[in-house]
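Hydrogens, waters and symmetry mates are skipped; everything else that's a heavy atom, side chains included, is used.
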Amino acid sequence: MKILVDENMPYARELFSRLGEVRAVTGRPLPEEALDDADALMVRSVTKVNAALLAGKPVKFVGTATAGTDHVDEEWLAQAGIGFSAAPGCNAIAVVEYVFSALLMLAERDGFALTDRTVGIVGVGNVGGRLQKRLEALGIKTLLCDPPRADKGDDGDFLPLETLVEQADVLTFHTPLFKDGPYKTLHLADEALISRLKPGAILINACRGAVVDNSALLARLNAGQRLSTVLDVWEPEPDLNTELLTQVDIGTAHIAGYTLEGKARGTTQVFEAYSEFIGQRHQISLDTLLPAPEFGRITLHGPLDQATLKRLVHLVYDVRRDDAPLRQVAGKAGEFDKLRKNYQERREWSSLYVQCDDARAAETLTKLGFNAVHHATR
Ligand SMILES: NC(=O)c1ccc[n+]([C@@H]2O[C@H](COP(=O)([O-])OP(=O)(O)OC[C@H]3O[C@@H](n4cnc5c(N)ncnc54)[C@H](O)[C@@H]3O)[C@@H](O)[C@H]2O)c1
Ligand SMILES: O=C(O)[C@H](O)[C@H](O)COP(=O)(O)O
């Protein structure tokens with residue numbers, strides 16, 4: 001059994017070698033000769049998986065260690081009889097923590113309280129749903145837009161996108177990229193939508209670049225629209241518009257989902273799916289794979305306010321650590337992917353054990369996803 005894995009999948013060699021011979025390859029471009037004798041292919045979002053890549057090859061299963069699947073022609077895989085699995089939700093926590101890190105940074109810089117802001121969430125799935133819960137745990141008002149869920153009759157107060165545009169101070173996108181169909185998201189944020197955002201609003205895109213029309217966004221920013229912008233994803237990648245990067249408040253190289261936990265969950269989810277596909281079911285516990293974090297334990301004295309939360313969040317992950325390197329290399333061939341390949345280890349908030357002498361602080365931090373306990377220390 002020969003299994004090709006993207007070289008940017010942590011723990012892939014260790015896990016997949018339990019099932020067969022593993023070869024790690026670059027995902028962009030994927031060396032096509034490697035497919036000539038491969039039984040299975042494990043990719044990330046940078047590899048386009050379609051007939052052009054796989055027709056006539058022996059590959060019987062494709063796994064993508066990602067939440068998004070717009071790089072995979074699932075219809076063709078199904079008609080070609082090739083098994084497929086994605087990794088839904090694997091990195092949702094990472095994206096939520098990226099959004100929080102960015103919002104706390106902007107709130108400190110511009111001197112506002114997050115509890116005075118209303119956050120509009122477009123796409124309320126694994127990322128958007130967790131984001132809603134964590135924002136509400138802090139007492140921040142959210143407005144939700146998810147037409148597919150609304151049409152299915154899911155519980156939730158789902159609103160038209162237009163209402164979010166009118167009322168939200170922060171508009172954050174967490175949809176898949178659908179190029180057409182009833183729920184098309186390509187250029188969902190077009191020039192008309194962007195121009196109607198509230199003055200001083202914050203626009204965040206951490207889903208797929210083309211969900212926001214990047215040329216329209218640049219035109220609005222150049223026209224002086226009062227807007228703060230956080231872009232993790234770009235139209236196109238890896239060759240983003242460098243002028244747009246100079247205009248955004250935070251710009252990163254599609255790494256919102258790149259916690260070690262998030263990437264490792266992606267690998268284990270496709271490993272479990274493939275092991276089931278070949279009839280050798282394995283289940284993996286993430287705890288057995290992950291190393292100890294750089295900061296493991298801290299004591300918080302007193303209550304939790306926004307400034308304290310910001311310091312705690314930024315101890316684990318400060319989004320500015322990923323903004324500066326992108327600005328340094330943008331426009332240079334190959335550098336966007338190099339930043340992603342050589343990504344400095346980043347952990348999730350749950351990796352930090354926080355001992356609090358204030359019961360409410362412990363309760364809030366627990367709801368936010370920290371490993372917090374209340375323990376009187378004074
Ligand atoms: N930047 C990153 O590193 C990163 C990491 C994870 C996911 N993503 C992207 O974010 C997307 C969302 O991730 P997820 O894990 O929450 O996916 P998900 O499938 O769990 O949730 C997506 C939600 O969007 C909703 N939706 C679909 N069309 C919509 C529309 N037209 N308007 C509003 N809502 C719509 C769906 O009904 C669903 O509830 C992924 O598809 C992926 O492309 C990016
Ligand atoms: O859809 C996702 O899960 C993310 O966008 C994706 O994982 C980003 O990382 P990549 O697969 O490109 O390494």
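- Using a 4.5 Å cut-off on side-chain heavy atoms (C-beta onward), Ser228 and Asp110 make contact.
- Judged purely by atom type and a 3.5 angstrom limit, Asp357 has no side-chain atom pairing as donor or acceptor with the backbone of His375.
- Comment: Glu237 does not engage Arg340 in a salt bridge, judged by the lack of any side-chain N to carboxylate O separation of less than 4.0 angstrom.
- For residues 38-64, the pairs satisfying salt bridge (Lys or Arg N to Asp or Glu O under 4.0 Å) are Asp36-Lys57, Asp39-Lys60, with sequence neighbours left out.
- Taking the charged nitrogens against the carboxylate oxygens, Arg149 and Asp154 do have a contact shorter than 4.0 Å, which makes a salt bridge.
- For the pair Ala67 and Gly89, the tightest heavy-atom approach, listed with the atom from each and the gap, is CB-N, 4.3 Å.
- Heavy atoms only, all atoms of each residue included: Cys145 and Pro147 are closest at SG-CD, 3.8 Å.
- Among all heavy-atom pairs drawn from Ala94 and Arg346, the shortest one is O-NH2, 2.9 Å.
- To the nearest 0.5 angstrom, Glu235 atom CD is 5.0 Å from Asn214 atom CG.
- A distance-only check finds a donor-acceptor pair linking the side chain of Thr47 to the backbone of Gly27 [under 3.5 Å].
- Ala256 and Ala206 get closest at one heavy-atom pair: CB-CB, 4.2 Å.
- Glu75 is linked by a salt bridge (Lys or Arg N to Asp or Glu O under 4.0 Å) to nothing, counting only residues two or more places apart in sequence or in another chain.
- Under a 4.0 Å N-O distance rule, the pair Arg327/Asp323 qualifies as a salt bridge.
- The ring pair (Phe, Tyr, Trp, His ring centres under 6.0 Å) test applied to His282 returns Phe271, not counting sequence neighbours.
- When atom types are taken as modelled, the side chain of Gln306 and the backbone of Leu114 share a donor-acceptor pair closer than 3.5 angstrom.
- Between the Asp157 side chain and the Leu159 main chain, no donor and acceptor come within less than 3.5 Å of each other.
- Pairs of residues two or more places apart, or lying in two chains, that qualify as salt bridge (Lys or Arg N to Asp or Glu O under 4.0 Å) and include a residue from residues 249-264 are Arg109-Asp249, Glu261-Arg347.
- Without hydrogens or angle criteria, Asn205 side chain to Arg208 main chain gives a donor-acceptor distance under 3.5 Å.
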Q: Take Ile204 and Leu103 through the side chain to side chain contact (heavy atoms under 4.5 Å, CB included) test and state the conclusion after the steps.
A: CA-CA 9 Å; Ile204 302 176; Leu103 285 177; 4.0 Å; yes
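- Take Phe277 and apply the ring pair (Phe, Tyr, Trp, His ring centres under 6.0 Å) test, not counting sequence neighbours, and it matches Phe61.
- Within the structure, every pair that satisfies the ring pair (Phe, Tyr, Trp, His ring centres under 6.0 Å) test and touches residues 239-270, not counting sequence neighbours, is listed here: Tyr258-Tyr343.
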Q: Evaluate the criterion side chain to side chain contact (heavy atoms under 4.5 Å, CB included) for residue pair Leu53 and Leu41; output intermediate values, then yes/no.
A: CA-CA 11 Å; Leu53 185 76; Leu41 171 66; 4.0 Å; yes
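- Environment of CG in Asn342: crowded, with over 12 heavy atoms of neighbouring residues, nucleotides or ligands closer than 6.0 Å.
- Residue pairs meeting the salt bridge (Lys or Arg N to Asp or Glu O under 4.0 Å) criterion with at least one partner in residues 277-299, sequence neighbours excluded, are Glu276-Arg281.
- At distances below 3.5 Å, at least one donor-acceptor pair connects side-chain atoms of Asp146 with backbone N or O atoms of Val124.
- Among residues at least two apart or in separate chains, side-chain hydrogen bond (donor to acceptor under 3.5 Å, both in side chains) pairs with a member in residues 79-99 are Glu97-Arg134, Tyr98-Thr252.
- What you find for Thr115 and Leu138 is that their closest heavy atoms are CG2-O, 3.4 Å.
- Within the structure, every pair that satisfies the ring pair (Phe, Tyr, Trp, His ring centres under 6.0 Å) test and touches residues 99-138, not counting sequence neighbours, is listed here: Phe100-Trp349.
- Hydrophobic clustering (ILVMFWY, side-chain heavy atoms < 4.5 Å, transitive): Val211 and Ile194 are in one cluster.
- Linking ILVMFWY residues whenever their side-chain heavy atoms come closer than 4.5 Å, directly or via other members, places Phe16 and Leu286 in the same cluster.
- At a threshold of 4.5 Å between side-chain heavy atoms, the hydrophobic network of Ile, Leu, Val, Met, Phe, Trp and Tyr places Phe173 and Leu231 in one connected group.
- Take Arg360 and apply the side chain to side chain donor-acceptor pair (under 3.5 Å) test, not counting sequence neighbours, and it matches no residue.
- Within the structure, no pair that satisfies the ring pair (Phe, Tyr, Trp, His ring centres under 6.0 Å) test touches residues 176-219, not counting sequence neighbours.
- With hydrogens and angles ignored, the 3.5 Å screen pairs no side-chain donor or acceptor of Arg220 with any backbone N or O of Leu227.
- One hydrophobic cluster holds both Leu304 and Tyr317 under the rule that ILVMFWY side chains link at heavy-atom gaps under 4.5 Å.
- Remark: side-chain polar atoms of Asp232 are not paired, donor with acceptor, to backbone N or O of Val230 under 3.5 angstrom.
- Heavy atoms only, all atoms of each residue included: Trp76 and Ala55 are closest at CH2-N, 3.7 Å.
- Although no hydrogens or angles enter the test, the distance criterion places no donor-acceptor pair under 3.5 Å between the side chain of Thr185 and the main chain of Leu188.
- Checking Leu143, Leu144, Thr163 one by one against Phe158, the side-chain contact (heavy atoms from CB on, under 4.5 Å) holds for a single residue, Leu144.
- With contacts defined as side-chain heavy-atom distances shorter than 4.5 Å, the pair Leu312/Leu352 qualifies.
- Remark: the backbone N or O of Val319 is paired with a side-chain donor or acceptor of Ser101 at under 3.5 angstrom.
- Both Leu315 and Leu300 are part of a single hydrophobic cluster, where members link through side-chain heavy atoms under 4.5 Å apart.
- In this structure, CD1 in Ile255 is found 9.5 Å from CG in Leu339, a value given to the nearest 0.5 Å.
- Here Lys338 pairs with Glu335 under the salt bridge (Lys or Arg N to Asp or Glu O under 4.0 Å) rule; sequence neighbours left out.
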